[in-house]
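Take a look at the structure set out below.
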Amino acid sequence: MANQLLEVKGLDVSYGDVQALWDVSIQVEEGTIVALVGANGAGKTTLLKAISGLIHAKKGEIVLSGESLNNLKPQEIVDRGITHVPEGRRLFASLTIMENLRLGAYIPRTRPLFTESLERVFTLFPVLKNRSNQKAGTLSGGEQQMLAIGRALMAHPKLIMLDEPSLGLSPILVKTIFQLISILNEQKATILLVEQNVNQALKIAHQAYVLKNGKTVMCGKGCDLLADEEVCKAYIGERGSKR
Amino acid sequence: MGDIGLISQVVVNGILFGSMYGIAAIGLSLIFGTMRIVFIAQGSVIVLTSYFCFWLFSLLGIDPYLSLIPVLLVSLLLGAAFYYGLFREAAALKDRIGSLLIAVGLMFFLENFMTVVWTPNPRAVVTSYGFTTFQILGVQLTLTRLIGLLIAVLAAVAVSMFLKKTLIGTAVRATSEDVEASTLMGINPDWVNIVTFAIGIGLAGIAGVTLATTYSFDPVYGFEFALKALIALTLGGIGRVYAALWGGIILGLIELLGTFFVGAGWAQGIVFMIFLLAMTFRPYGIFGGAGDKV
């Protein structure tokens, strides 16, 4: 097996009495894009939250570069090298773009790199540079997603987890966001992607997992799953009907 | 009645007095902002620090304005201790009743503690310059009250600069907006909460020194003061430093003008009436837009 950056082994997660994940195992190889697909409520977001420490697993193990992340707090997990861009972007709307980026590099180890990180983000997203003193809440949906990704890059993560980055964006912007994810990957970023847009996600993913009712029901190369009749019927066929 | 000189006198006193509500309100705003705690004990803490100032003055002969430094330091530490000892567990809960009850308990404890230590009799810090007044455009100004206003404005500027210019200040604002997202930035909510609580109680210390130099105080005055600070906060709107100061000044004006025109009893009624009206029609504060979030 090649260099596994993240390994999730036999994870059980519950919200109170309701179990959301059952014995979920995934692997993310360094330098790849891994997609998590599945219907609403399948447990994709829950899995990301468990990895970033927002919720604690009942059972199982999460390992980053050989080091267990179990029972660490979210702020400690950011420090270990996983940055989570949550669903709905969760920018600090009343703070300026610059302040949002500054907080992206809040972890002490990333602070000395601030200037070069900022330059990298502004090269990727020139639109943010011109508006750096504007409040984040005034940005359009697409710009907000760019800022959310930019803010994540400021932390120099080993792994970026993107939860529904294309949600609520126009078709053109959706395309832009997916191109951007590919560009980040070409720049050696490892990405764990949760997407409703299954078709696009599987196209760019090296590896993909299909979750159903909190369990991994299928896994394989993105292109293989894309060709799989069952996956197509279950998820891509519903592409037209917005959920 | 109707004497312009007298009215402008009342207006000036209202502003000077209200600025004290203002700094208390800034402290409440910060604590509510990051932890969603209604810190009803703020007034009692202010009176407690007034007693510190009183003791430093009467026992050691330290000038009240010089005592601002030790009182501020003690208040900052007290704030951190309050968070660690009393509110840390409760602040992490979704249910806010716990933290409110702790704050109420702390208030009653402090009231009784102060009654035991300093007796229920009113105290005041009487300095040689306490009665110094001067006239500007026919309005008589008391030196200590004027210094009080100056201190309040300086404190507000300092807090505002801290929140805007420092990384931890930015983290405090981010945490007020979205705790979960701030932890995903690597911000430790405990650290933000300690800093916020320390500053909130530090501001109480500053208000306490101002109170001690301008008015007399007793152990149970704190509750009323905390209520007024909460009203000032409602008027100004939560989450903005200068708005809270303005809220306090407006409240001070309403209170003293009400007392002047219709009498002290009615003035309190008017204050609470305006509070209810503000809550009904401008729940985000008279300076805040309807869409403003905390």
Side-chain angles (χ1 to χ4, degrees), chain A residues 16 45 48-49 51-55 72-111 114 133 135-138 144 147-148 150-157 160-163, chain B residues 29-30 32-34 36 88-89 91-95 159-196 236-244 284-285 287-294:
Chain A
T45 298
L48 294 197
K49 283 186 171 175
I51 296 170
S52 62
L54 290 175
I55 38 180
L72 289 184
K73 294 187 172 121
Q75 63 266 25
E76 293 165 329
I77 288 172
V78 183
D79 200 22
R80 297 293 192 285
I82 299 182
T83 300
H84 180 180
V85 181
E87 189 177 346
R89 318 185 231 294
R90 305 281 284 272
L91 296 170
F92 304 112
S94 69
L95 270 57
T96 65
I97 289 160
M98 187 56 102
E99 286 169 335
N100 270 278
L101 292 172
R102 203 171 279 282
L103 290 178
Y106 182 86
I107 293 289
R109 115 186 112 72
T110 61
R111 284 181 208 168
F114 180 76
N133 288 320
K135 294 212 164 133
T138 63
Q144 288 195 8
L147 178 54
R151 188 174 67 171
L153 293 174
M154 297 298 290
H156 286 262
I160 306 176
M161 302 197 296
L162 300 173
D163 195 349
Chain B
S29 171
L30 286 170
F32 184 81
T34 55
R36 301 292 184 272
R88 193 169 169 214
E89 302 286 325
L93 299 175
K94 277 229 156 61
D95 191 348
V159 170
S160 174
M161 295 286 277
F162 167 80
L163 291 176
K164 285 220 171 83
K165 303 289 176 194
T166 66
L167 188 62
I168 178 72
T170 311
V172 168
R173 285 188 290 143
T175 305
S176 313
E177 202 174 309
D178 188 336
V179 183
E180 195 176 80
S182 73
T183 62
L184 291 179
M185 301 295 104
I187 295 167
N188 181 352
D190 263 341
W191 175 233
V192 164
N193 289 346
I194 284 179
V195 168
T196 310
I238 292 166
R240 285 174 298 265
V241 171
Y242 295 118
Y284 298 96
F287 306 114
D292 270 6
K293 277 201 286 191
V294 173

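Residue numbers start from 1 in every chain, and the chains themselves are labelled A, B, ... in the order their sequence lines are given, proteins ahead of strands.
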Nearest 0.5 angstrom please: A:Ile77 CD1 to B:Thr183 OG1, how far? 9.5 Å
Would you mind telling me which of [options] has the largest number of heavy-atom pairs within less than 4.5 Å of chain B?
options: A:Thr83, A:Leu95, A:Thr96, A:Ile82; value: A:Leu95
options: A:Ala93, A:Gly104, A:Ser52, A:Ala105; value: A:Ala93
options: A:Ser94, A:Pro86, A:Ala152, A:Pro108; value: A:Ser94
options: A:Lys73, A:His84, A:Met154; value: A:His84

Summary of side chain to side chain donor-acceptor pair (under 3.5 Å) pairs that have at least one residue in residues 101-110 of chain A, sequence neighbours excluded: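 Listed by first then second residue: A:Asp79-A:Arg109.
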Answer with side chain, backbone, both or neither: which region of A:Leu54 has an atom nearer than 4.5 Å to a non-hydrogen atom of chain B?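 Side chain only.
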Quick check on A:Leu91 against chain B: is it the side chain, the backbone, both or neither that has a heavy atom closer than 4.5 Å? backbone
For the candidates B:Gly186, B:Pro189, B:Ala181, which exhibits the highest count of non-hydrogen atom pairs separated by less than 4.5 Å from chain A? B:Gly186
Any side-chain heavy atom of B:Leu167 sitting closer than 4.5 Å to one from A:Leu103? yes
Would you mind reporting whether B:Met185 and A:Arg151 have side-chain heavy atoms less than 4.5 Å apart? yes
Reference residue A:Phe92; test side-chain contact (heavy atoms from CB on, under 4.5 Å); the match among B:Thr170, B:Thr175, B:Asp178: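 Checked B:Thr170, B:Thr175, B:Asp178 against A:Phe92; only one passes side-chain contact (heavy atoms from CB on, under 4.5 Å): B:Asp178.
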